Novice: 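Just dropping this structure here.
For clarity, every value in this text was computed on a predicted model and none was experimentally measured. Below, read A as the first sequence line, B as the second, and so on, with proteins coming before strands; counting in each chain starts at 1.
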Amino acid sequence: MTANTIATGPTGSVQRWSRTLIPTAREAPAEAESPSHVLLLRAGYIRKLGAGIYDYLPLAWRVLRKLSEIVRQEMDRAGASELCLPVLLPTELYAGTKRDVDYGDLLFKVTDRKGSVAALGPTHEEPVTELVRGSINSYKQLPLNLYQIQTKFRDEARPRSGLLRCREFIMKDAYSFHLALEGPGGLNETYDRMYQAYVNVFSRCGLDFTVVEAESGPIGGSASHEFMVNCASGEDTILKCPVSGYAANVEKCEIGARTAGTFTEPPTGEWTEVHTPGLPGIHEVGKFMKVKPDRMLKTIVFQVTGKVGGALSPDDPTWILATVRGDHDVNEGKVKAASGYTVALANEVAARAAGFAIGYVSPRCVNTVPGTMLLIDPDASHGGFWATGADKPDHHAKHFNWRRDVGAKLDQPRYVKLADLRNAMEGDPSPRAEGAKLVTGRGIEVGHIFKLGTKYSDAMGLSILDDKQQKRSVIMGCYGIGVSRTMAACVEMSHDENGIVWPMGLAPYQVLITMMKPDDPEQQRITGEVAERLAARGVDVLIDDRDERPGVKFKDADLIGIPIRLTMGDKALAAGAVEFKKRTAKDKGELAPLADVADWVIEAIRDAGVAEAKR
RNA sequence: CGGGGCGUAGCGCAGCUUGGUAGCGCGUUUGGUUCGGGACCAAAAGGUCGGAGGUUCAAAUCCUCUCGCCCCGACCA
């Protein structure tokens, strides 16, 4: 983007190190492991107050302000309006959506003096829907797009990696409201604008990111994209097609056409049972039986919980078996799509009672347990040697053969279906380009946008009359950015062995002036002059005026990661110059004449802004 | 929630097995010498050893309970 959007205001600010709080440390607390956690602690950006609860010190807060400002500009440009909703949400709000139950322990709850229970907002679909329901009277007031930037609370089972997964964190959340999906003012139009706004935000932050198709998850809805910072230490696995550009979250990723078996291949030998007592997983069993996992069948038992787009009838199955190759993972979403039923992993007790030897199930159960549908992944459908569970505790079997051991039901689509059932993996065929193979990468989810549809408006009674006086449920979208997580992701992605390397757009200050002799009046005068000149041109300047040895100052400078360092030293000043060094530069820097130094800085900021926006 | 581990000075750690008046490094303060990539000398401040209970003449150390934190997994708009 442009240079003028990088500074926080028309006039930059000047701060002296000795008068603010930047407690750098040579060593990080032992509990910190991930780079962003270690560096943000060591560089004096954050302090831990409890598990997943952090202080944001002045440097961190400046980064968060800059990030928030970028977010605001892009949200406003996309037509959204900022507001601020309560953090304290009375649980009655959840009466329609039941999400206080769905969220379970994730929800922080507080009790007031009267005994009323409120939740600390983990996200704001309910309050914003409630707000709009009570304040919109006409379809003419749609579309509407509202956002806020505030602290969210989620009692994560396991907070980790510092700011990457917190119990208290800063989030930008936006919610849009529409009468229609398509056309002007429809959800799709806003969704596309928000998508572009997100691309703009993360580009301006200098982040290297991938947009992936994602499952909409428990929040419901029909379509969603995640914005992932590409980073090997990320928690999420993403898959990309290098040819078509298709990218998806591992839960969502489709797999291209694969060849399936015909169920006519001959057996490789007699059904041979093997006693395999007390072996915990497929790898252990395989080792014990001397069979590789990709020659074993894994059959998972699901319980039918509902029918997609309808009510269950007595004819519908009770159980769904999903058989994949031993080295593959069953994907619940794909099971749902392939079967047409919503499912949950079977309750062990109930499944045992129905006749499944949990842990030792084979596809043969489609014949032996009434009300069972069998789904087979193409990679598991071939002929050749297979090992499988033997349908009795502590036993597996070799030489499973589809035709011989399952038989006629293979030809009845009511009972047996062949379908993509598993998570995609590196090397799988791309679903979008013939011959191309998927590659995997790791990512940190920093943004997520959803088409919610009418899930919340239906649950909470948000409807409106259209121009034909027909009552219509309002269609919604929601759009989140993990603001504090984005800051951490940025450090995770951009650092070296000496410390943080901030992209220009997020750096707490663009310039650090390192005074070699803070007590020297001449250095004080020139430092002040340079700082004022830079500030006047919108640059934020931090002056290291501490009475420390040069080595300490240089180490700290690298640690806190300010993009441009100006060093005030006798040698350079004698030549009428200051030393100019970028954080990314390996060498010692070059001499900038005092008269030109401001121009050098402005130019460097502009170059960085352009380069980062291009990424 | 399952598994593993850790709580001793602001940070990093030792001491615990075999109970006996709490130690090291970094940091901090003071004085001096230094001063372009984490200086040196000297002095000093700083700890109810996570908490409660128990055993004992005596507990950081042994026992019981409890709280907190980290890592792996499960989970996760």
Side-chain angles (χ1 to χ4, degrees), chain A residues 23-34 37-38 41-42 44 47-53 97 99 102-107 121-126 128 152-162 164-167 169 171-175 214-221 224-227 235-236 249 251 280-281 329 332 345 445-452 455-456 476-482 485 497-499 514-520 523 544 546-559 565 567-573 578-579 581 586-589:
Chain A
T24 58
R26 197 180 288 213
E27 289 176 293
E31 65 208 30
E33 287 196 354
S34 68
H37 194 192
V38 169
L41 283 166
R42 276 193 58 209
R47 271 298 167 104
K48 188 177 80 177
L49 198 58
I53 307 171
T97 63
R99 277 212 306 170
D102 291 349
Y103 259 108
D105 292 338
L106 211 59
L107 212 56
T123 175
H124 279 69
E125 284 78 10
E126 285 85 357
V128 79
K152 297 282 191 264
F153 297 85
R154 290 183 198 175
D155 193 0
E156 292 282 351
R158 184 150 97 82
R160 72 186 88 168
S161 305
L164 285 175
R165 189 171 210 78
C166 280
R167 298 200 296 168
F169 56 98
M171 178 166 136
K172 187 284 301 182
D173 48 327
Y175 307 89
E215 282 295 333
S216 35
I219 200 165
S224 102
H225 287 89
E226 286 173 346
F227 291 73
E235 279 191 87
D236 301 292
N249 185 309
E251 282 83 40
D329 289 319
E332 202 174 303
L345 207 56
E445 179 189 347
V446 290
H448 201 161
I449 58 180
F450 299 85
K451 292 181 186 178
L452 285 178
K455 174 175 167 147
Y456 290 91
M476 293 172 58
C478 78
Y479 318 87
I481 290 178
R485 179 186 278 183
E497 66 279 10
N498 295 316
T514 302
M515 298 178 73
M516 299 312 292
K517 291 184 179 167
D519 293 334
D520 179 66
Q523 282 199 16
D544 188 353
R546 294 174 302 166
D547 181 23
E548 288 287 352
R549 294 171 58 85
V552 172
K553 294 187 163 198
F554 291 141
K555 286 287 184 193
D556 275 349
D558 286 347
L559 186 57
R565 189 180 83 200
T567 307
M568 291 285 164
D570 287 342
K571 287 174 218 160
L573 287 176
V578 295
E579 201 172 288
K581 180 185 175 300
K586 292 266 191 294
D587 51 73
K588 286 196 71 176

Novice: How about A/Arg99 and A/Pro122: do any of their side-chain heavy atoms sit closer than 4.5 Å?
Specialist: no

Novice: Using a 4.5 Å cut-off on heavy atoms from C-beta on, say whether the side chain of A/Asp570 contacts that of A/Lys517.
Specialist: yes

Novice: Could you work out the separation of B/G53 and B/U21 based on their P atoms and round it to a whole Å?
Specialist: 23 Å

Novice: Taking only the side-chain heavy atoms of A/Lys581 (C-beta and beyond), determine which of B/C71, B/C69, B/G37 contains the nearest atom.
Specialist: B/G37

Novice: How many whole angstroms separate atom NZ of A/Lys48 from atom C1' of B/G12?
Specialist: 15 Å

Novice: Flag the pair A/Asp544 and A/Arg546 as a salt bridge only when some basic side-chain nitrogen lies within less than 4.0 angstrom of an acidic carboxylate oxygen.
Specialist: yes

Novice: Watson-Crick or G-U wobble partner for B/G25, using a 3.5 Å limit on both distances?
Specialist: B/C11

Novice: Is the shortest side-chain heavy-atom distance between A/Met476 and A/Phe450 below 4.5 Å?
Specialist: no

Novice: Expressed in whole Å, how much space separates the P atoms belonging to B/C13 and B/A60?
Specialist: 22 Å

Novice: Given atom CZ of A/Arg47 and atom C1' of B/C69, what is their separation to the nearest angstrom?
Specialist: 16 Å

Novice: Which distance, rounded to the nearest 0.5 Å, do you find between the CG of A/Leu41 and the NE2 of A/His37?
Specialist: 4.5 Å

Novice: Let's see if you can work this out: which of B/G37, B/C70, B/G36 has an atom nearest to the side-chain heavy atoms of A/Lys571?
Specialist: B/G36

Novice: Could you walk me through whether A/Glu125 and A/Lys455 satisfy the side-chain contact (heavy atoms from CB on, under 4.5 Å) test, starting with their C-alpha distance in whole Å, then the side-chain angles of each, then the deciding distance to 0.1 Å, before giving a yes or no?
Specialist: CA-CA 10 Å; A/Glu125 284 78 10; A/Lys455 174 175 167 147; over 6 Å; no

Novice: Please classify the nucleic acid contact of A/Arg565 as base, sugar-phosphate, or nothing, using heavy-atom distances under 4.0 Å.
Specialist: base

Novice: Nearest heavy atom decides the nucleotide; on that basis, is A/Ile481 or A/Asp556 closer to the 5' end of RNA chain B?
Specialist: A/Asp556

Novice: How many angstroms lie between atom CD of A/Glu445 and atom CZ of A/Arg485, to the nearest 0.5 angstrom?
Specialist: 6.0 Å

Novice: Please determine, for the side chain of A/Val552, which listed nucleotide (B/C71, B/C69, B/A39) has the closest atom?
Specialist: B/A39

Novice: Taking atom P of B/C69 as reference, at what distance in whole Å does atom CD1 of A/Ile53 sit?
Specialist: 8 Å

Novice: What does A/Ala157 touch in the nucleic acid at a heavy-atom separation under 4.0 angstrom: a base, only the sugar-phosphate, or nothing?
Specialist: base

Novice: Would you tabulate the nitrogen or oxygen pairs shorter than 3.5 Å linking the protein to nucleotides 25-35 of chain B?
Specialist:
from  : atom 1 : to       : atom 2 : distance (Å)
B/U34 : O2     : A/Arg549 : NH1    : 2.7

Novice: Protein-nucleotides 40-44 of chain B N/O pairs closer than 3.5 Å?
Specialist:
none

Novice: Heavy atoms only, 4.0 Å cut-off, all strands: where does A/Ser161 land among base, sugar-phosphate and nothing?
Specialist: sugar-phosphate

Novice: Mind calculating the distance between CG (A/Asp105) and P (B/C1) to the nearest angstrom?
Specialist: 8 Å

Novice: Choose from B/C70, B/G12, B/G36 the nucleotide whose nearest atom is closest to any side-chain atom of A/Pro29.
Specialist: B/G12

Novice: Should A/Val578 and A/Thr567 count as side-chain neighbours, where that means a heavy-atom distance under 4.5 Å?
Specialist: no

Novice: If the P atom of B/G54 is compared with that of B/A59, how far apart are they to the nearest Å?
Specialist: 12 Å

Novice: Roughly how far apart, to the nearest Å, are B/G4 and B/G51 at atom P?
Specialist: 25 Å

Novice: Is A/Glu579 touching bases, backbone alone, or none of the nucleic acid, heavy atoms closer than 4.0 Å?
Specialist: base

Novice: With rounding to the nearest 0.5 angstrom, report the CD1 to NE2 distance, A/Ile481 to A/His448.
Specialist: 12.5 Å

Novice: Provide, to the nearest angstrom, the distance between the CD atom belonging to A/Glu497 and the C1' atom belonging to B/G38.
Specialist: 15 Å

Novice: Heavy atoms under 4.0 Å, any strand shown: does A/Ala557 hit a base, just sugar-phosphate, or nothing?
Specialist: nothing

Novice: With both distances kept under 3.5 Å, what pairs with B/C69, Watson-Crick or G-U wobble?
Specialist: B/G5

Novice: When both hydrogen-bonding distances must be under 3.5 Å and the geometry is Watson-Crick or G-U wobble, what is B/U18 paired with, if anything?
Specialist: none

Novice: When the C1' atoms of B/U56 and B/G50 are compared, how many Å lie between them, rounded to an integer?
Specialist: 23 Å

Novice: Would you say a side-chain N or O of A/Arg158 is under 4.0 Å from OP1 or OP2 of B/C72?
Specialist: yes

Novice: So do the side chains of A/Arg160 and A/Glu33 get within less than 4.5 Å of each other, counting heavy atoms only?
Specialist: no

Novice: Return the OG1 to NZ distance between A/Thr24 and A/Lys553, rounded to the nearest 0.5 Å.
Specialist: 12.0 Å

Novice: On a whole-Å scale, what distance lies between the C1' atoms belonging to B/U29 and B/G10?
Specialist: 14 Å

Novice: How would you label the contact of A/Asp173 with the nucleic acid (heavy atoms, under 4.0 Å): base, sugar-phosphate, or nothing?
Specialist: nothing

Novice: Can you find a donor-acceptor pair, distance only, under 3.5 Å between A/Arg42 side chain and B/G38 base?
Specialist: yes

Novice: On RNA chain B, nearest-nucleotide positions of A/Lys553 versus A/Tyr103: which is more 5'?
Specialist: A/Lys553

Novice: Just the rounded figure in Å: distance from P of B/C75 to CZ of A/Arg167.
Specialist: 21 Å

Novice: In whole Å, what is the span from the NZ atom of A/Lys555 to the P atom of B/G36?
Specialist: 15 Å

Novice: Using both distances under 3.5 Å as the test, list the Watson-Crick or G-U wobble partner of B/C40, or none.
Specialist: B/G32

Novice: Considering every strand shown, what is the Watson-Crick or G-U wobble mate of B/A60 when both distances are under 3.5 Å?
Specialist: none

Novice: Hey, does the side-chain of A/Asp570 have a donor or acceptor N/O within less than 3.5 Å of a partner on the base of B/G36?
Specialist: no

Novice: So how far is it from A/Phe554 CZ to A/Met516 CE, rounded to the nearest 0.5 Å?
Specialist: 4.0 Å

Novice: Expressed as a whole number of Å, how far does the C1' atom of B/G15 sit from that of B/U8?
Specialist: 9 Å

Novice: Scan A/Pro122 against the nucleic acid and name what it touches under 4.0 Å (heavy atoms): base, sugar-phosphate only, or nothing.
Specialist: base

Novice: Could you measure the distance from the NZ atom of A/Lys48 to the SG atom of A/Cys166? Nearest 0.5 Å is fine.
Specialist: 11.0 Å

Novice: Say you pick atom P in B/G7 and the same atom in B/C63; how far apart are they, in whole Å?
Specialist: 15 Å

Novice: What's the CG-P distance between A/Leu345 and B/A74, to the nearest Å?
Specialist: 13 Å

